[in-house]
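This report refers to the structure that appears directly beneath it.
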Amino acid sequence: MSWEPLILTFKLALVTTLALLTVSIPLSYWLAYSKARIKPIVQTLVSMPLVLPPTVLGFYFLIAFSPNTIFGGWLNEALGIQLVFSFPGLVVASLLYSLPFMVHPIQSGFSGVSNSLREASYLMGKSKLQTLFKVLLPNIKPSLLTGIVLSFAHTVGEFGVVLMIGGNIPGKTKVASIAIYDEVEALNYASANFYSLTLFVITFGILLTVYLINGGHLKKFWK
Amino acid sequence: MSWEPLILTFKLALVTTLALLTVSIPLSYWLAYSKARIKPIVQTLVSMPLVLPPTVLGFYFLIAFSPNTIFGGWLNEALGIQLVFSFPGLVVASLLYSLPFMVHPIQSGFSGVSNSLREASYLMGKSKLQTLFKVLLPNIKPSLLTGIVLSFAHTVGEFGVVLMIGGNIPGKTKVASIAIYDEVEALNYASANFYSLTLFVITFGILLTVYLINGGHLKKFWK
Amino acid sequence: RGNSDKLTIAVSSNMQYSIEEIAAKYTEHTGIACDLVVGSSGKLTAQIMEGAPFDVFLSADMKYPQMLYQKGHAKAAPKIYALGKLVLFASNKEIVPKLEFLKNDSIAHIALANPKTAPYGRAAMEVLEHNGLVYSVKDKLVYGESVSQTNQFMSTGAAQMGFTAKSTLIGTPLSQQGHWIALDTNSYTPIQQGIVMLEDDTAQDRASLSFLEFIFTEEAQEILKKYGYSTHE
Amino acid sequence: MINIQIQKQLDGPEGPMLLDLNLQVPMGQLITLYGPSGAGKTTTLKILSGLMQAETGKIMVADSTWLDTSEKICLKPQDREIGYVFQDYALFPNMSVRQNLKFAQPKDKDSGIVQELIQIMELENIQDRKPDTLSGGQQQRVALARALVQQPKILLLDEPLSALDLKIRLKLQDYLLQVHRKYGLTTFLISHDIGEIHRLSDWVVVLEEGSVVRQGSPSEIFINQNLSGKFKFKGEVLHIEKNEVVYIVTVLVHNEVVKIIAQESEVKNLGIGDAVIVASKAFNPIIYKVS
Amino acid sequence: MINIQIQKQLDGPEGPMLLDLNLQVPMGQLITLYGPSGAGKTTTLKILSGLMQAETGKIMVADSTWLDTSEKICLKPQDREIGYVFQDYALFPNMSVRQNLKFAQPKDKDSGIVQELIQIMELENIQDRKPDTLSGGQQQRVALARALVQQPKILLLDEPLSALDLKIRLKLQDYLLQVHRKYGLTTFLISHDIGEIHRLSDWVVVLEEGSVVRQGSPSEIFINQNLSGKFKFKGEVLHIEKNEVVYIVTVLVHNEVVKIIAQESEVKNLGIGDAVIVASKAFNPIIYKVS
Ligand SMILES: Nc1ncnc2c1ncn2[C@@H]1O[C@H](COP(=O)(O)OP(=O)(O)OP(=O)(O)O)[C@@H](O)[C@H]1O
Ligand SMILES: Nc1ncnc2c1ncn2[C@@H]1O[C@H](COP(=O)(O)OP(=O)(O)OP(=O)(O)O)[C@@H](O)[C@H]1O
Ligand SMILES: [Mg+2]
Ligand SMILES: [Mg+2]
């Protein structure tokens with residue numbers, strides 16, 4: 001058993017979660033507060049990556065990112081970015097695929113914050129950005145946590161899309177989920193169990209720590 | 001192209017979402033309000049199905065539910081329920097797999113409701129159950145919606161678990177996601193695209209309607 | 001279940017085109033309808049071990065059927081019904097596929113099935129080793145879960161060249177997209193594909209058996225040949 | 001008789017503070033809790049209602065034990081038959097005004113009361129609106145109405161009229177008193193308005209820093225002990241105007257403005273904004289400056 | 001000069017209601033909005049602050065146009081330099097008391113004010129607590145302090161002292177007045193307390209059903225026009241006691257209790273709870289029943 005796939009997995013999960021957070025906060029903000037007519041459509045679109053089987057979604061990504069297509073070719077030539085069979089490709093694909101897990105909870109968090117808090121902040125001359133970071137986000141911590149945990153866990157377990165677009169290259173795109181899958185396919189159950197257990201235990205540890213910190217259960221150890 | 005897989009898909013998604021809702025409301029309630037010490041652990045456990053690749057998870061379900069094991073054998077003999085390669089099996093597996101998508105948003109919704117609303121209801125002599133249904137749930141509609149949409153969409157696209165435990169049996173366990181997967185595997189892109197598009201359009205329609213109703217955009221048509 | 005005039009046949013992905021034709025012929029002769037469950041051999045094997053309602057299993061190799069037999073999931077020892085052929089495919093019409101060409105800089109990715117799980121992947125690795133190419137192309141290799149996925153890599157143009165099963169090219173959309181050459185059968189261990197009749201309730205037995213017999217008839221073997229398998233000599 | 005003996009540690013305005021009460025209150029009375037901000041008034045009502053837990057203590061209401069920490073008895077809030085107007089109203093945002101009232105109405109009790117309260121509280125025209133579109137005073141009235149709909153045995157009112165103007169305030173005070181008497185309620189009121197307290201309450205408990213510092217009838221608590229004139233008010237000078245030979249001093253006494261005729265000697269130390277006492281001696285009222 | 005001309009359709013307490021104001025207010029004054037619940041007071045402040053939009057109208061403050069619907073001008077709330085005490089406080093739950101004040105403090109202004117306000121408002125011992133563990137009155141003081149920290153040009157106060165007891169209320173009224181004068185603020189106050197209005201305000205605007213029905217100085221608005229005696233208060237009989245030959249009648253006049261000596265003929269129609277007027281004629285005060 002090698003540690004490479006595990007390290008790669010957590011790297012992918014971390015990068016994806018952070019990138020998702022960055023993308024989802026403005027998007028959720030817009031979805032929560034905008035009165036635009038196309039809002040319900042955007043809201044629906046955000047959920048759509050979920051309804052296609054991951055492998056199929058991965059297949060469409062493969063087509064979109066392939067250097068043969070206009071988009072993929074342009075990325076490749078103009079920017080030198082190759083999205084198929086590469087780590088950045090995995091990140092982009094996971095990002096799109098996990099988007100709803102981040103956007104939906106944050107959006108419902110925003111809609112739960114009393115308007116007068118935002119208004120009070122505006123009256124103090126604070127910009128929308130300051131209000132977002134100092135007032136809104138700190139007050140929707142449970143929703144942010146939900147978004148982060150769901151996206152993180154989901155990216156750890158992500159498989160179909162990654163399999164499709166990653167090409168199972170050891171050290172580059174062979175994440176733990178694929179390694180486990182390989183072992184199951186090869187009927188090496190002992191090995192698969194071992195991988196699964198390791199993945200499970202590590203993720204369990206990470207999430208448990210997050211929840212303990214969030215619940216204030218760890219405070220006594222700091223003081 | 002046959003409609004069977006599509007019908008099966010939406011049947012599965014509907015049954016799973018309803019079952020999930022039933023299970024998740026008490027669980028989220030407990031997670032939101034209990035002060036038990038094991039709470040962070042339960043909270044973490046709920047997210048764990050996500051971190052295993054769906055196919056692998058499906059594989060473990062397969063083993064767990066198989067009539068060869070004690071649990072599966074007992075189910076089979078005592079209750080006459082067979083969970084492998086059957087529709088009920090798909091439901092049970094999807095339920096476990098999509099649990100976090102329902103539990104997390106609802107839980108963070110509950111934690112956002114002001115305590116004094118619950119208290120006011122108790123003082124009116126209302127039981128916890130009445131308070132839950134009349135006061136709490138109606139006030140966390142955005143979170144419920146998030147949970148429902150995520151679980152529904154996710155079950156529609158569910159694939160790995162279903163393939164493993166369902167076995168791709170037409171009319172019984174061959175859902176749309178697997179049908180699309182089959183077509184992609186066979187390089188019948190036209191057919192795959194058609195299935196995908198149909199699935200996409202129908203789900204888009206369902207979710208859009210949900211959002212429009214929720215946003216009050218459809219009210220004018222009722223009056 | 002228990003519908004005795006229906007067979008559920010589990011079949012590995014490299015057979016997905018030929019099996020349709022064979023099953024159609026079989027139904028024509030016997031009036032027994034067939035449900036086809038296509039998947040990777042490993043996954044199908046795992047399912048069979050947990051009691052999947054399949055009657056017959058056509059694998060991409062002998063390893064899985066052998067194992068099923070040893071563990072008591074099969075009625076009789078597996079038999080080889082066909083030998084798979086490995087080909088080298090180039091998705092660009094301009095390129096005439098040749099092994100040496102794999103080293104060319106214009107080839108960024110070479111697709112093959114996962115050697116760990118798929119017999120066609122194992123064979124492809126053997127070919128590369130045989131020709132001393134492993135070292136020079138190892139950074140270009142991308143692995144599909146199965147032959148089907150390998151084909152998807154190539155058909156989308158994500159991989160420029162790759163190894164695949166001949167049976168998945170004959171008369172399929174992919175073959176229109178580029179050129180392929182068959183590889184020297186001496187450069188890899190023959191891909192023996194096995195069929196096995198599964199342990200099952202007796203109602204299905206006769207049908208299973210008749211299908212097993214049917215696949216070795218002249219008629220079925222001709223179809224297999226047409227799809228690029230060589231048959232048992 | 002209601003017997004309250006409770007202790008609870010709080011973060012008071014001056015650091016840790018022990019809420020430590022020992023009260024005996026006859027049933028059927030209207031008791032006011034009076035005291036500065038942070039004294040523990042709201043906390044007392046919360047403990048009485050069962051929404052907060054006292055660390056140690058005992059609450060007996062008539063014959064039943066609501067709380068006894070030594071025996072680990074604690075009656076659920078649901079079973080205490082209490083009507084409570086929260087300081088922050090706690091209206092259900094998902095229900096209209098009428099639905100809020102309907103929800104509070106016990107199944108087995110008179111249902112005409114919803115309509116009656118909607119009328120008394122002047123809520124007819126807003127009865128189908130959701131609370132979040134209501135003005136502050138409207139919300140407060142809905143909260144009060146909702147507590148009364150319950151027809152509880154015990155009514156806890158946390159500044160129930162503070163956001164209302166004088167006119168409706170007086171009207172609702174009358175109504176409260178009427179309900180209190182009609183149903184024989186025992187009512188605990190938190191109020192800062194001394195007039196209101198006088199008008200409504202039988203007994204005043206003054207809380208400071210978590211302890212009862214004084215209790216008694218409103219007049220015992222609020223009567224100015226060193227009354228020397230026959231009648232005597234505190235006031236504030238608003239205006240001084242010379243009118244031929246005398247001065248007319250306009251004084252604000254509570255909400256009313258009074259004009260008093262004064263001599264030049266009387267006004268010479270007076271300035272606008274000065275606090276004064278207006279009293280009536282044997283003859284004309286006189287006016288003199290306080291300290 | 002502040003020039004306010006606004007129209008907005010509201011769901012008033014008696015059905016649809018048009019808030020229709022036309023006010024000219026000199027800078028530097030303290031203006032009180034007075035009127036019954038649902039009259040449109042809060043809405044007026046919200047429109048003034050830019051948090052709500054008027055349907056049509058114009059707001060000019062000194063030389064700058066804050067709102068002109070005909071020209072589609074609407075200055076953002078951020079740029080209006082307004083301090084606002086909300087009726088529901090709107091304290092930031094994620095920040096401690098001190099952090100709430102710090103957050104409100106403009107970068108370019110005196111920072112000593114945070115400390116000063118914490119002292120004045122008696123918040124020292126709770127400055128590190130989060131708002132949700134504070135008592136109602138404590139929250140209200142934090143809200144007021146936070147608005148003052150901003151050192152705004154215009155201060156909007158929506159019942160800023162309603163949850164406070166008389167003592168701290170008087171203290172904060174003084175402080176408010178002092179700040180108002182020191183910084184030359186223009187302040188809009190909503191209050192139901194006539195004493196408070198008298199003490200604080202230069203000008204009173206009485207709103208009813210969305211329209212200005214009266215405006216003037218506090219004494220113009222609140223002086224009892226039909227004053228006939230030299231001095232005259234409304235009150236309520238609390239107690240009647242026979243004392244040898246005369247009767248002693250205890251009357252509650254606002255927050256004070258007054259004892260008045262009366263003849264048997266005067267008290268024979270009087271009962272406890274009766275509303276009365278106490279007035280001083282040339283000689284002794286006399287007492288008579290109202291209607
Ligand atoms: N968002 C809204 N939409 C429609 N009507 C509203 C909205 N907010 C308030 N109103 C209505 O407008 C009227 C004026 O409300 P406003 O809050 O200005 O009253 P107010 O004078 O401040 O009363 P109070 O003294 O009770 O706080 C009320 O009848 C209220 O119900
Ligand atoms: N959850 C809590 N945890 C700790 N201390 C609290 C909590 N809630 C309130 N306190 C503190 O207990 C003290 C009493 O609070 P309480 O709400 O009973 O005051 P109050 O008498 O109702 O004051 P007000 O008139 O301002 O409403 C205050 O100092 C308050 O800060
Ligand atoms: Mg209080
Ligand atoms: Mg208001």
Side-chain angles (χ1 to χ4, degrees), chain A residues 37 39-41 43-45 47-57 59-60 100-101 104-105 107-109 111-113 140 142-143 145-147 149-150 152-154 156-160 163 176-178 180-181 184-185 189 192 195-196 199-200 203-204 207-208 210-212 214-215 217, chain B residues 37 39-41 43-45 47-57 59-60 63 100-101 104-105 107-109 111-113 140 142-143 145-147 149-150 152-154 156-160 176-178 180-181 184-185 189 192 195-196 199-200 203-204 207-208 210-212 214-215 217:
Chain A
R37 282 163 139 259
K39 194 170 104 172
I41 296 179
Q43 209 166 358
T44 312
L45 277 179
S47 315
M48 292 321 283
L50 283 182
V51 308
L52 289 182
T55 337
V56 175
L57 191 71
F59 171 70
Y60 288 123
F101 302 128
H104 283 298
Q107 184 198 340
S108 79
S111 4
V113 177
I140 58 163
S143 305
L145 196 70
T146 294
V149 166
L150 287 182
F152 186 86
H154 191 253
V156 168
E158 215 319 86
F159 161 71
L163 179 71
S177 58
I178 293 182
I180 302 177
Y181 177 77
V184 172
E185 285 274 288
Y189 295 159
Y195 262 120
S196 298
L199 191 67
F200 199 87
T203 317
F204 189 89
L207 296 189
L208 186 62
V210 168
Y211 283 122
L212 285 176
N214 184 256
H217 298 271
Chain B
R37 283 164 138 259
K39 194 170 104 171
I41 296 179
Q43 211 167 358
T44 313
L45 277 179
S47 313
M48 292 321 283
L50 283 182
V51 308
L52 289 182
T55 334
V56 175
L57 190 71
F59 169 70
Y60 288 123
I63 293 180
F101 301 128
H104 283 297
Q107 183 198 340
S108 80
S111 5
V113 176
I140 59 163
S143 304
L145 196 70
T146 295
V149 166
L150 287 182
F152 186 86
H154 191 254
V156 168
E158 217 317 88
F159 161 71
S177 57
I178 295 183
I180 302 177
Y181 174 76
V184 173
E185 290 271 281
Y189 296 156
Y195 262 122
S196 298
L199 192 66
F200 200 89
T203 317
F204 190 90
L207 296 189
L208 187 62
V210 168
Y211 284 122
L212 286 175
N214 184 256
H217 297 270

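Just so we're on the same page: letters track the sequence lines, and every chain starts at 1.
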Taking all atoms of both residues into account, what is the closest heavy-atom pair of B:Ser143 and B:Gly109, and its distance? OG-CA, 3.3 Å
Set of ring-ring contact (aromatic ring centres under 6.0 Å, His included) partners for A:Tyr60, sequence neighbours left out: none
For B:Met48 versus A:Phe200, what's the shortest heavy-atom pair and its separation? CE-O, 3.2 Å
For A:Ala153 and B:Ser47 the tightest heavy-atom approach is CB-O, 4.1 Å
Top of B:Leu145, B:Ile178, B:Leu52 for chain A proximity - count of heavy-atom pairs under 4.5 angstrom: B:Leu52
Holding to side-chain contact (heavy atoms from CB on, under 4.5 Å), I want the full list of residues that pass it with A:Thr146, two or more places apart in sequence or in another chain. A:Pro105, A:Leu150, B:His104, B:Pro105, B:Ser108
Under a 4.5 Å cutoff for heavy-atom pairs, which residue among A:Leu50, A:Val156, A:Leu45 has the most contacts with chain B? A:Leu50
Engaged part of B:Tyr189 at the chain A interface, taking heavy atoms whose separation is under 4.5 Å: side chain
Looking at chain B, which one of A:Pro54, A:Ser196, A:Ala192, A:Ala176 has the largest number of heavy-atom pairs inside 4.5 Å, strictly under? A:Ser196
Pairs of heavy atoms under 4.5 Å with chain A: top-ranked of B:Thr203, B:Val51, B:Leu199: B:Val51
Per-residue contact mode, B:Phe59 against chain A (heavy atom under 4.5 angstrom): side chain
Out of B:Ile140, B:Leu208, B:Leu57, B:Val210, which one racks up the most heavy-atom pairs below 4.5 Å with chain A? B:Leu208
How close do A:Phe204 and B:Ile41 get, counting heavy atoms only, and between which atoms? CZ-CG2, 3.9 Å
